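The block underneath contains the structure these notes are about, expressed in structure tokens.
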Number of protein chains: 2
Amino acid sequence: MQVEDIYVSAPGKAILHGEHAVVHGKVALAVSLNLRTYLRLKATTTGKVCINLPNIDTFICWDLSELKQLIPYLCEKSEEKRLDAELVRRLREFVGVATENLDTCNMAILSFLYIYLSLFGSGELPSLTVSVWSELPTGAGLGSSAAYSVCLAAAMLCASGAIPTPLKEWDHTARWCQEDLELINSWAFRGEMIIHGNPSGVDNAVGTWGGMLRFLAGKIIPLSRVPLLRILLTNTKVPRSTKVLVARVKDKINKFPLVMTPVLESVDAISCTCEKVLSEMTSEPVTEEHYNILEELIDINQHHLNVMGVGHSALDTLCRVTLANGLHSKLTGAGGGGCGITLLRPETDSSIVQTTVQDLKDCGFDCWETSIGGPGVQQHSVLAVKDESPGGFEQLLRPT
Amino acid sequence: MQVEDIYVSAPGKAILHGEHAVVHGKVALAVSLNLRTYLRLKATTTGKVCINLPNIDTFICWDLSELKQLIPYLCEKSEEKRLDAELVRRLREFVGVATENLDTCNMAILSFLYIYLSLFGSGELPSLTVSVWSELPTGAGLGSSAAYSVCLAAAMLCASGAIPTPLKEWDHTARWCQEDLELINSWAFRGEMIIHGNPSGVDNAVGTWGGMLRFLAGKIIPLSRVPLLRILLTNTKVPRSTKVLVARVKDKINKFPLVMTPVLESVDAISCTCEKVLSEMTSEPVTEEHYNILEELIDINQHHLNVMGVGHSALDTLCRVTLANGLHSKLTGAGGGGCGITLLRPETDSSIVQTTVQDLKDCGFDCWETSIGGPGVQQHSVLAVKDESPGGFEQLLRPT
């Protein structure tokens with residue numbers, strides 16, 4: 001079977017407001033982060049299936065004949081919210097990984113093979129090479145695995161003919177219709193289940209739809225229109241455990257219920273106020289006051305996150321350094337180190353941005369100028385990808 | 001008329017928790033600050049009444065004959081909560097100050113003459129010299145004017161025979177009974193009304209009763225027993241206007257009611273939790289956990305005060321510098337600069353304290369090692385005052 005080449009990308013994710021509070025039944029706002037993961041699927045005639053992951057120094061090929069032996073173990077009809085357990089078990093055996101010993105590389109491979117076999121297993125298996133490169137740091141809470149899963153799902157659903165390729169001849173980029181996005185999201189979620197076990201579904205939804213999502217009590221609602229906001233994304237590179245931090249917040253709520261419960265309520269109101277302001281920014285002229293409010297909400301929430309005990313001196317440094325340049329920051333995600341976002345105003349001068357980025361790098365942090373609220377999964381023409389990525393997509397896919 | 005010499009002192013005040021929230025109907029905890037104001041009343045035979053305020057370079061005398069001319073304007077019966085308006089008017093005329101032009105010196109003089117004439121006006125005016133010196137910085141929100149008024153009231157009520165001197169021959173210090181304290185407080189409140197116009201009554205109550213007071217919706221409740229806590233008191237010397245800061249908080253509540261109202265509730269819970277912990281510390285063995293909780297509440301409230309918009313980079317510096325030495329701080333009072341308190345644990349080594357004090361002084365701040373929760377107004381023997389104040393009380397009263 002011969003498939004068509006396809007180039008896709010999907011964004012990362014940041015939590016704008018409501019991290020931790022969401023665990024306690026409050027609203028969280030997840031936004032797309034325009035640090036993207038790019039995937040190129042290339043039809044080959046080698047009789048092999050290859051996956052090339054330059055970011056993690058991985059290049060593996062399998063003969064189609066090997067993979068064909070797994071087809072009898074596929075379920076007839078796979079459920080959307082549950083993995084084909086028998087296929088997962090056989091794939092683990094095939095790849096040679098014990099249940100408890102899954103590193104990033106093995107998880108990426110399992111997730112790829114699962115989607116490949118599930119989508120192509122009912123027909124003739126195609127010979128192809130999938131190459132994936134990402135601007136996202138891994139394990140930093142920025143949804144890098146979801147962006148990977150979304151790209152895998154979109155590209156292989158197209159290649160298998162389950163959804164059309166939306167790109168017209170004259171387009172540089174194109175997006176799928178709502179129905180196709182739902183299918184992409186459901187397959188990306190399966191990829192996330194393989195990688196994370198019990199994912200919330202927020203990361204793959206952001207990777208698929210982009211923009212902003214409202215997340216409340218397990219329900220994910222994509223918001224119709226949000227403005228694109230310029231930000232700095234800073235990785236303090238301080239390692240932390242989300243599980244430990246979630247437990248710390250819970251302990252603090254148990255220790256000081258009357259003090260902490262109102263703080264969660266205030267965070268909830270921050271998310272709702274922010275959503276309202278962002279919505280206004282798409283329906284009326286954007287004013288300085290809109291940005292003032294966004295900045296105030298960021299500052300307040302950062303204090304609340306400190307109150308919850310998920311701050312870190314590196315994050316304090318981030319806030320202080322950016323404020324010295326007139327910019328407002330908060331942690332994003334689990335906290336206790338990890339990443340922070342800094343809002344840039346439309347009028348923020350590029351010299352200010354460059355100074356701030358340098359100041360943050362001088363602290364030992366990684367820092368990217370990017371945006372939030374941008375599009376979800378996209379198909380690109382080769383030309384467009386080359387334009388967007390200095391050095392070209394081909395180059396990006398080569399291990400550095 | 002010949003009066004007895006008397007030496008008294010009264011403490012300053014700090015807000016432990018609830019500043020600003022109290023304006024919006026929440027609990028505040030006011031504590032005595034053991035930076036004290038000392039007053040010496042000395043009977044003379046010069047036929048003059050003199051006031052000596054070395055801290056503000058003031059030494060003024062009046063002939064008794066001059067002051068006697070004001071007696072006809074005294075009300076027969078002065079009310080506790082309202083000033084004798086006619087006397088105030090005549091005193092302003094006498095001292096030569098326009099209504100709008102009251103500096104610290106003029107307010108101190110007016111307050112002194114008001115209490116002197118009110119208490120002695122019905123009999124023969126005594127010839128005396130009152131000298132007042134304070135460890136408290138003025139205008140820093142530490143209740144220096146209230147400590148002054150409390151000392152004036154206590155000393156002149158004793159001198160007039162309205163209350164007894166509690167000091168026994170063998171005592172170094174002594175306190176008055178509850179009934180006498182109430183009289184002292186009511187006259188100190190009159191002094192505060194002259195100085196502040198419309199005082200809350202908290203500062204003079206703390207100066208009178210010492211320890212800790214619960215302040216809620218205008219009601220002041222002295223707490224029966226509180227532990228003495230070692231602290232650092234730091235004056236950032238950043239000037240601020242309480243009125244402007246109170247307005248800023250109000251504006252923020254109006255701007256973000258759903259975000260800010262829970263923050264005030266959380267502050268209320270902090271005050272109540274703190275009161276409970278302090279009460280436990282007097283009735284059961286003090287543990288490390290008691291201090292852990294006090295530190296956590298300080299940190300949380302400092303974040304909340306930042307959320308209210310009454311923080312300042314100098315206060316952030318104070319918190320950061322003390323935390324680098326393992327100590328927890330918050331602003332006290334209006335914020336926006338001004339003063340902060342840092343809790344010292346019983347086991348905090350004096351070398352840590354000295355290092356921290358030096359670090360804070362290196363930031364350009366004034367810093368005192370002192371305590372909160374100590375006694376209110378006291379009478380001292382001359383010997384005791386000499387012991388407590390290096391160089392002796394006599395020396396302290398001389399302008400430096």
Side-chain angles (χ1 to χ4, degrees), chain A residues 17-18 21 26-27 248-249 251-277 289-290 292-317 319-321 323-324 326 328 330, chain B residues 17-18 21 26-27 248-249 251-277 289-290 292-317 319-321 323-324 326 328 330:
Chain A
H17 288 295
K26 306 298 177 190
V27 171
R248 190 186 294 171
V249 174
D251 288 347
K252 207 153 182 189
I253 294 169
N254 288 337
K255 189 170 180 183
F256 302 116
L258 296 175
V259 174
M260 296 305 296
T261 306
V263 174
L264 298 175
E265 277 163 34
S266 181
V267 171
D268 196 69
I270 288 168
S271 296
C272 297
T273 308
C274 183
E275 186 186 325
K276 189 163 156 280
V277 170
E289 183 58 13
H290 285 128
N292 293 344
I293 294 174
L294 292 180
E295 286 179 346
E296 284 186 82
L297 295 176
I298 283 172
D299 289 343
I300 296 174
N301 200 357
Q302 175 63 14
H303 284 299
H304 286 350
L305 288 159
N306 273 307
V307 164
M308 292 182 213
V310 298
H312 188 276
S313 59
L315 294 164
D316 294 341
T317 301
C319 292
R320 198 170 58 252
V321 166
L323 193 62
H328 298 253
K330 69 177 277 289
Chain B
H17 288 296
K26 306 299 177 189
V27 171
R248 191 186 294 171
V249 174
D251 288 349
K252 207 154 183 189
I253 294 169
N254 287 337
K255 188 171 182 183
F256 301 117
L258 296 175
V259 173
M260 296 304 296
T261 306
V263 175
L264 298 176
E265 277 163 36
S266 181
V267 171
D268 196 67
I270 288 169
S271 295
C272 296
T273 308
C274 182
E275 185 186 325
K276 190 162 155 281
V277 170
E289 184 57 13
H290 284 127
N292 293 345
I293 294 174
L294 292 180
E295 286 178 347
E296 285 186 83
L297 296 175
I298 284 172
D299 290 344
I300 296 173
N301 200 355
Q302 176 62 14
H303 284 299
H304 286 350
L305 288 160
N306 273 308
V307 165
M308 293 181 213
V310 298
H312 188 277
S313 61
L315 294 164
D316 295 341
T317 301
C319 291
R320 197 170 60 252
V321 166
L323 194 63
H328 298 252
K330 68 177 278 290

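Chain A is the first sequence line, chain B the second, and so forth, proteins listed ahead of strands; every chain is numbered from 1. Just so it is clear, the structure is predicted and the values come from calculations on it, not from any experiment.
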> Which atoms of B:Glu296 come close to chain A, meaning under 4.5 Å heavy atom to heavy atom: side chain ones, backbone ones, both, or neither?
Replying inline: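 Only the side chain of B:Glu296 comes within 4.5 Å of chain A.
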
> Side chain, backbone, both or neither: which part of A:Leu323 has a non-hydrogen atom closer than 4.5 Å to chain B?
Replying inline: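 Looking at A:Leu323, nothing touches chain B.
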
> Taking B:Asn301, B:Ile293, B:Asp299 one by one, which has the highest count of heavy-atom pairs under 4.5 Å against chain A?
Replying inline: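 Ranked by heavy-atom pairs under 4.5 Å with chain A, first place is B:Ile293.
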
>> Only pairs of heavy atoms separated by less than 4.5 Å count here; which of B:Leu258, B:Val263, B:Val307, B:Asp268 has the most with chain A?
In response: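 Option with the top pair count is B:Val307.
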
> For the residue pair B:His304 and A:His304, does the interplanar ring angle fall in the parallel (under 30°), tilted (30 to 60°) or perpendicular (over 60°) class?
Replying inline: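 Rings of B:His304 and A:His304: perpendicular, over 60°.
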
> Under a 4.5 Å heavy-atom cutoff, which of A:Asn306, A:Leu264, A:Ile270, A:Leu297 has the most pairs with chain B?
Replying inline: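 Looking at each of A:Asn306, A:Leu264, A:Ile270, A:Leu297 in turn, A:Asn306 comes out on top.
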
> If you count heavy-atom pairs under 4.5 Å with chain B, which of A:Lys252, A:Gln302, A:Lys255, A:Met308 comes out on top?
Replying inline: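 Answer, by heavy-atom pair count under 4.5 Å with chain B: A:Lys255.
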
>> Which heavy atom of B:Ser271 sits nearest to which heavy atom of B:His17, and what is that distance?
In response: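 Residues B:Ser271 and B:His17, closest heavy atoms: OG-CB, 3.4 Å.
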
> Considering all heavy atoms of both residues, which atom of A:Pro257 and which atom of A:Pro262 are nearest to each other, and what is their separation?
Replying inline: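 Of all heavy-atom pairs spanning A:Pro257 and A:Pro262, the closest is O-CD, 4.2 Å.
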
> Going through the distances and angles, do B:Asn292 and B:Glu289 end up as a side chain to side chain donor-acceptor pair (under 3.5 Å)?
Replying inline: CA-CA 5 Å; B:Asn292 293 345; B:Glu289 184 57 13; 3.0 Å; yes

> Does the B:Thr317 side chain pair with the main chain of B:Ser313, one donor and one acceptor, at a distance under 3.5 Å?
Replying inline: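 The answer is yes, because a donor-acceptor pair under 3.5 Å joins these two groups.
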
